[in-house]
Enquirer: 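I have a structure here, written as structure tokens, and I will follow up with some questions on it.
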Amino acid sequence: MNSVPDSDKVLDIRDLQVSFRSIAGTTRAVNGVSLDVRSGEIVGLVGESGCGKSVTIRSIVGLVPSPPALFEGGEIWLRTRRGMTETLSLHKNMKALRQIRGRDVSMIFQEPMRSVHPMMTIGKQITEGILEHEVVDPAEAYDRTVEMLDLVGLPNPAAQMNRYAHELSGGMRQRALIALALVCHPQLLLADEPTTALDVTIQAQILELIRDLRERMSMSVLLITHNMGVVANLADRISVMYLGKIMETGTVEEIFKEPAHPYTQGLLASMPSLFSQPKTHLQSLRGVVPELAMVPKGCVFADRCPYVMPKCDETPPVVELRADHSVACWLYADGGELQGSEVAATAEPFLSTEDTSGDIQRAVGVIPVLGSEPGSDASQEQPADGDTAQLQIENVALHYPILRGLLRRQVGTVRAVDGVDLTIHRGETLGLVGESGCGKTSVGRLVARLVEPTAGRIRFGADGGLEEITHISQKEMKRVRRSMGMVFQDPLSSLNARMNIRNIVGEPLMLHQVAKGRAVDDRVGELLEMVGLRAAHQSRFPHAFSGGQRQRIAIARALATEPSFLVADEPVSALDVSVQAQILNLLLTLQQQLSLSMLFIAHDIAVVRHVSDRIAVMYLGKIVELGEAREICVRPVHPYTEALLASIPLPMPGLETLREMPKGDLPDPANPPTGCRFHTRCPYRQPICEQEEPPLRQIAGDADHFGACHFQDELHLEGVEEIDEIHAPTAAVAEGK
């Protein structure tokens, strides 16, 4: 056995190798991973899905079942209250592992609802952890639980003790899970995508909480995330992982300012941000993460690398570039064609592998209006037709009755959408942004008439002029839907698992009698090629594709009948940053070539800004701000828009927002606040805000900018100015301490 790690290390993983056995054979998910976490440090472990991050972090506390897992080698040293302990050797000793879990090391997971017991109250679960690891009486355990719930920011913690997980919002559940993990004061917290399923506002609160608890409790954190903005603002060091190997390790400043490995460079280039040029193609990594059974020999990143050379057929050595910065790449080793200092000068853009413009022209017979090269600016070269509306919704509402009792009497109303007015012009993308529960998806479903509006008017231009579709029959709506397409958030659940891709994509063609027989096969093949897949994939089923590929299939299905309008409901929120960039590029190219109008729904205002001509900000069933995309982000007039901008993690370490983060959760739409609905969370509220609801009105001096705030002409809110390539601080950001 090797030597015991240094005393300043809380965790030391050495050459960890984990394989999985299956009918198809044995595949190695973790292939020689070495990383460490020091006292009081936050280390970020980043990489795409399928790279082995979760297997690595779960191996620390024995949460990877064996079989099917096979631990072929390595050591995991963890600082416990008995001193440094090699935990890999304890995987068969469940009693010893249970003593370590929760007391010396704790873990929080991506989906809090799946991590807590649905039949036990929050208080009982937390006190149970205390009584398991410490000799205390139940009264003391109860008091400590209330204290911890208060520490993680749950309102009225004593009342929360008797609530179940389903009674809490997503942000409150995650806070309760953090309290459960930290109640015994462990030295190390393992956080596996703790904010991915949360809104940007709640994500900002949770990240601030983790940072604050690290200081208060002197604990260390190993954080898994695919959001590079999160690690930029939270981590001290970063390890970049790809296909079971650590590709680069360094301080957060080194990784972001001088990324060495081509994979790290590609991840950073794929991020849409509040500072990037909107309506332009993002640089993105080529291809997708291959299956573990198809890992390339030598450098595992070689098949996606723009600098690939013959030497990459051999496994690259780990090169120490400087203190606390190492990289596994032949570019920096003796005998490489390039040396580290030459990489920046010879670097080529990380372009997506799919240049779909030619495929689109062949598939739909259009003449290209724009070049589809990355960097082309659609907003400048093809402005939306401001005189011709594709969609108009006027004072639209969607209310759901709350029924209780044996007689199902109505006792209340959920006002999901409560009087929304929007117009989308031909060829325009309108971004709809807001937190979960604000009514964004309901607006998209109303537009497609998947639900019946409670009030209001919907008009759609299917064949030229606007036609009212508010109350037309389903038979008539079938004709209108040929001009509409819809892409949903979760591609797996929106694709029929029992149908192959030919039938999934071809179903709209047969339903609308666009094609039949052999013509369906030909058209499906063209559509698949249009979105960057192969026509030969028609016989496969959805489970055989990655998340990004499934979303491409969903887009192909939405475009099957050549619609003029597309509703995209959170189409990239569940995807890795690299796949997200590819899908956003695809949507931009398709819109340019097919002259699509689009309603793009998302909770991340940075993503919405990147693809949209205009943005509508929605809060609790109402539009609170509407205007041109850049204007909304640079000069917001509603405090909620400012709060959304403040919640986006800035893409460089050392930069902090000067704006105040939003407090609390979204109120209950069944019982919205009186007056301005945002006044319960607004830092600028005045007595009038609690009494009178402000109308959506034009901003003085700007005919295309609207806000719903009593003081929008007096407030001077902070936006985000565009910054240069090195992300220098601007009026909206300042250097962190």
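Quick caveat: nothing in here was measured; it's all calculated off a predicted structure. Values reported hereafter were calculated over all heavy atoms of this structure, with side chains retained and with hydrogens, waters and symmetry mates removed.
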Enquirer: When you measure from the side chain of Lys440 to the backbone of Gly434, do you find a donor-acceptor pair of N or O atoms at a distance under 3.5 Å?
Expert: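 Checked: pair present.
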
Enquirer: At their closest point, which heavy atom of Ala558 faces which heavy atom of Pro563, and how far apart are they?
Expert: O-CG, 3.2 Å

Enquirer: I need the full list of salt bridge (charged side-chain N to carboxylate O under 4.0 Å, His left out) pairs touching residues 492-502, with sequence neighbours left out, sorted by first then second residue.
Expert: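 For residues 492-502: Arg502-Asp521.
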
Enquirer: Which pair of non-hydrogen atoms, one from Ala181 and one from Ser106, has the smallest distance, and what is that distance?
Expert: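 For Ala181 and Ser106, the tightest heavy-atom pair comes out as O-OG, 2.6 Å.
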
Enquirer: Return each pair, listed once, that meets ring-ring contact (aromatic ring centres under 6.0 Å, His included) where at least one residue sits in residues 541-572; pairs must be two or more places apart or across chains.
Expert: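 Every pair satisfying ring-ring contact (aromatic ring centres under 6.0 Å, His included) with a residue in residues 541-572: Phe460-Phe565, His537-Phe545.
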
Enquirer: For Phe600, which residues count as a ring-ring contact (aromatic ring centres under 6.0 Å, His included) partner, sequence neighbours excluded?
Expert: none

Enquirer: Ser493: which residues meet the side chain to side chain contact (heavy atoms under 4.5 Å, CB included) condition with it, sequence neighbours left out?
Expert: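 Partners of Ser493 by the side chain to side chain contact (heavy atoms under 4.5 Å, CB included) criterion, ordered by chain and then number, come out as Asp490.
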
Enquirer: Between Ser284 and Ser270 (side chain of the first, backbone of the second, donor and acceptor by atom type, cut-off under 3.5 Å), is there such a pair?
Expert: no

Enquirer: Determine whether Val61 and Leu97 make a side-chain contact, defined as any pair of heavy atoms from C-beta on separated by less than 4.5 Å.
Expert: no

Enquirer: Would you call Asn31 and Leu243 a side-chain contact if the rule is heavy atoms closer than 4.5 Å?
Expert: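 No - every pair of side-chain heavy atoms lies 4.5 Å or more apart.
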
Enquirer: What's the separation between atom CG in Asp522 and atom CD in Gln538, rounded to the nearest 0.5 Å?
Expert: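 If I round to the nearest 0.5 Å, the distance is 8.5 Å.
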
Enquirer: Is His512 reaching over with its side chain to a backbone N or O of Val514, donor-acceptor style, under 3.5 angstrom?
Expert: no

Enquirer: Please answer whether the main-chain N or O of Leu511 pairs with a side-chain N or O of Lys478 as donor and acceptor at a distance below 3.5 Å.
Expert: yes

Enquirer: Taking Glu570 for the side chain and His603 for the main chain, is one N or O donor matched with an acceptor at less than 3.5 Å?
Expert: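 It does hold such a pair.
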
Enquirer: Once rounded to the nearest 0.5 Å, what's the spacing between atom CD1 of Ile615 and atom CG of Leu430?
Expert: 8.5 Å

Enquirer: Does any donor atom in the side chain of Glu48 or His226 lie under 3.5 Å from an acceptor atom in the other side chain?
Expert: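 Absent: no donor and acceptor within the cut-off.
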
Enquirer: Any salt bridge between Arg173 and Glu167, counting N to O under 4.0 Å?
Expert: no

Enquirer: Are Glu452 and Arg445 close enough for a salt bridge, meaning some N to O gap below 4.0 Å?
Expert: no

Enquirer: Is there a side-chain contact between Gln174 and Phe109 (heavy atoms, below 4.5 Å)?
Expert: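 The answer is no, as the side chains (C-beta and beyond) never meet within the 4.5 Å cut-off.
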
Enquirer: Less than 4.5 Å apart, side chain to side chain, heavy atoms only: is that true for His281 and Gln592?
Expert: yes

Enquirer: Side chain of Arg449, backbone of Ile469: donor and acceptor closer than 3.5 Å?
Expert: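 Flag set: sc Arg449 to bb Ile469 pair under 3.5 Å.
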
Enquirer: What pairs meet the salt bridge (charged side-chain N to carboxylate O under 4.0 Å, His left out) rule with one or both residues in residues 583-608, with sequence neighbours excluded?
Expert: none

Enquirer: Where is the tightest heavy-atom contact between Met107 and Asp192, given as atom of each residue plus distance?
Expert: CE-CB, 3.9 Å

Enquirer: Is atom CD of Gln17 surrounded by more than 12 heavy atoms (other residues, nucleotides or ligands) closer than 6.0 Å?
Expert: yes

Enquirer: So, Asp569 side chain and Thr441 main chain: donor-acceptor pair closer than 3.5 Å or not?
Expert: no

Enquirer: Determine whether the side chains of Lys279 and Gln591 contain a donor N or O and an acceptor N or O closer than 3.5 Å.
Expert: yes

Enquirer: Find the distance between SG (Cys438) and OH (Tyr619) and round it off to the nearest 0.5 Å.
Expert: 9.5 Å

Enquirer: Quick one: salt bridge (charged side-chain N to carboxylate O under 4.0 Å, His left out) partners of Glu72, sequence neighbours excluded?
Expert: Arg28

Enquirer: Nearest heavy-atom pair of Gln551 and Ile583: which atoms, and what distance?
Expert: CB-CD1, 4.3 Å

Enquirer: Any sub-3.5 Å donor-acceptor pair from His610's side-chain atoms to Thr280's backbone N or O?
Expert: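 The answer is yes, because a donor-acceptor pair under 3.5 Å joins these two groups.
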
Enquirer: Taking salt bridge (charged side-chain N to carboxylate O under 4.0 Å, His left out) as the definition, give me every residue that meets it alongside Arg101, ordered by chain and number, with sequence neighbours left out.
Expert: none

Enquirer: side-chain contact (heavy atoms from CB on, under 4.5 Å) between Met241 and Tyr263: does it pass, once the steps are laid out?
Expert: CA-CA 9 Å; Met241 192 171 182; Tyr263 181 55; over 6 Å; no

Enquirer: Is any side-chain heavy atom of Ile458 closer than 4.5 Å to one of Leu391?
Expert: yes

Enquirer: Holding to salt bridge (charged side-chain N to carboxylate O under 4.0 Å, His left out), I want the full list of residues that pass it with Arg481, two or more places apart in sequence or in another chain.
Expert: none

Enquirer: Atom CG of Asn500 and atom CG of Leu495: how far apart are they, to the nearest 0.5 Å?
Expert: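 Asn500 atom CG to Leu495 atom CG measures 12.0 Å (nearest 0.5 Å).
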
Enquirer: Do you know which of Val607, Ile601, Ile605, Val200 makes side chain to side chain contact (heavy atoms under 4.5 Å, CB included) with Val433?
Expert: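 One option only clears the test, and that one is Ile605.
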
Enquirer: Check salt bridge (charged side-chain N to carboxylate O under 4.0 Å, His left out) between Arg415 and all other residues, then give those that pass, not counting sequence neighbours.
Expert: Asp418

Enquirer: Could you give me the CA-CA distance, side-chain angles and deciding distance for Val230 and Gln203, then say whether side-chain contact (heavy atoms from CB on, under 4.5 Å) is met?
Expert: CA-CA 9 Å; Val230 168; Gln203 171 184 270; 4.0 Å; yes

Enquirer: Give a yes or no on whether the backbone of Leu45 and the side-chain of Ser239 come within a donor-acceptor separation of less than 3.5 Å.
Expert: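 Absent.
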
Enquirer: Taking the side chain as every heavy atom from C-beta outward, state whether Gln390 and Ser564 have any pair of such atoms under 4.5 Å apart.
Expert: yes

Enquirer: From Lys245 NZ over to Phe301 CZ, what is the distance, rounded to the nearest 0.5 angstrom?
Expert: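 One gets 15.0 Å once the value is rounded to the nearest 0.5 Å.
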
Enquirer: Could you tell me which non-hydrogen atom of Ser442 sits nearest to which non-hydrogen atom of Ala416, and how far apart they are?
Expert: OG-CB, 3.9 Å

Enquirer: Could you please spell out the steps behind the side-chain contact (heavy atoms from CB on, under 4.5 Å) verdict for Leu282 and Gln580?
Expert: CA-CA 10 Å; Leu282 294 162; Gln580 172 182 272; 5.9 Å; no

Enquirer: Apply side-chain contact (heavy atoms from CB on, under 4.5 Å) to the pair Ile555 and Leu587, showing each step before the final yes or no.
Expert: CA-CA 9 Å; Ile555 293 172; Leu587 288 173; 4.0 Å; yes

Enquirer: Quick one: list whatever passes side chain to side chain donor-acceptor pair (under 3.5 Å) with Arg175, sequence neighbours left out.
Expert: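 Partners of Arg175 by the side chain to side chain donor-acceptor pair (under 3.5 Å) criterion, ordered by chain and then number, come out as Gln205.
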
Enquirer: Just how far is it from atom CG of Leu432 to atom CD1 of Ile424, taken to the nearest 0.5 Å?
Expert: 8.5 Å

Enquirer: Kindly say whether Leu285 contributes a backbone atom to a donor-acceptor pair with the side chain of Gln582 at under 3.5 angstrom?
Expert: yes

Enquirer: Just so I know, are the side chains of Thr454 and Val417 near enough to count as touching, which here means a heavy-atom distance under 4.5 Å?
Expert: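 Side chain of Thr454 against side chain of Val417, heavy atoms only: no contact under 4.5 Å found.
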
Enquirer: With sequence neighbours left out, write down each residue that passes ring-ring contact (aromatic ring centres under 6.0 Å, His included) with Phe71, or none if nothing qualifies.
Expert: His91

Enquirer: So, using side chain to side chain contact (heavy atoms under 4.5 Å, CB included) as the criterion, who are the partners of Ser473 when residues are at least two apart?
Expert: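 Side chain to side chain contact (heavy atoms under 4.5 Å, CB included) check on Ser473 returns Lys475, Glu476.
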
Enquirer: Please find the pair of heavy atoms, one from Gly431 and one from Val608, that lie closest to each other, and give the distance.
Expert: CA-CG1, 3.6 Å

Enquirer: Any side-chain heavy atom of Leu559 within less than 4.5 Å of one from Leu596?
Expert: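 Counting from C-beta outward, Leu559 and Leu596 do come under 4.5 Å.
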
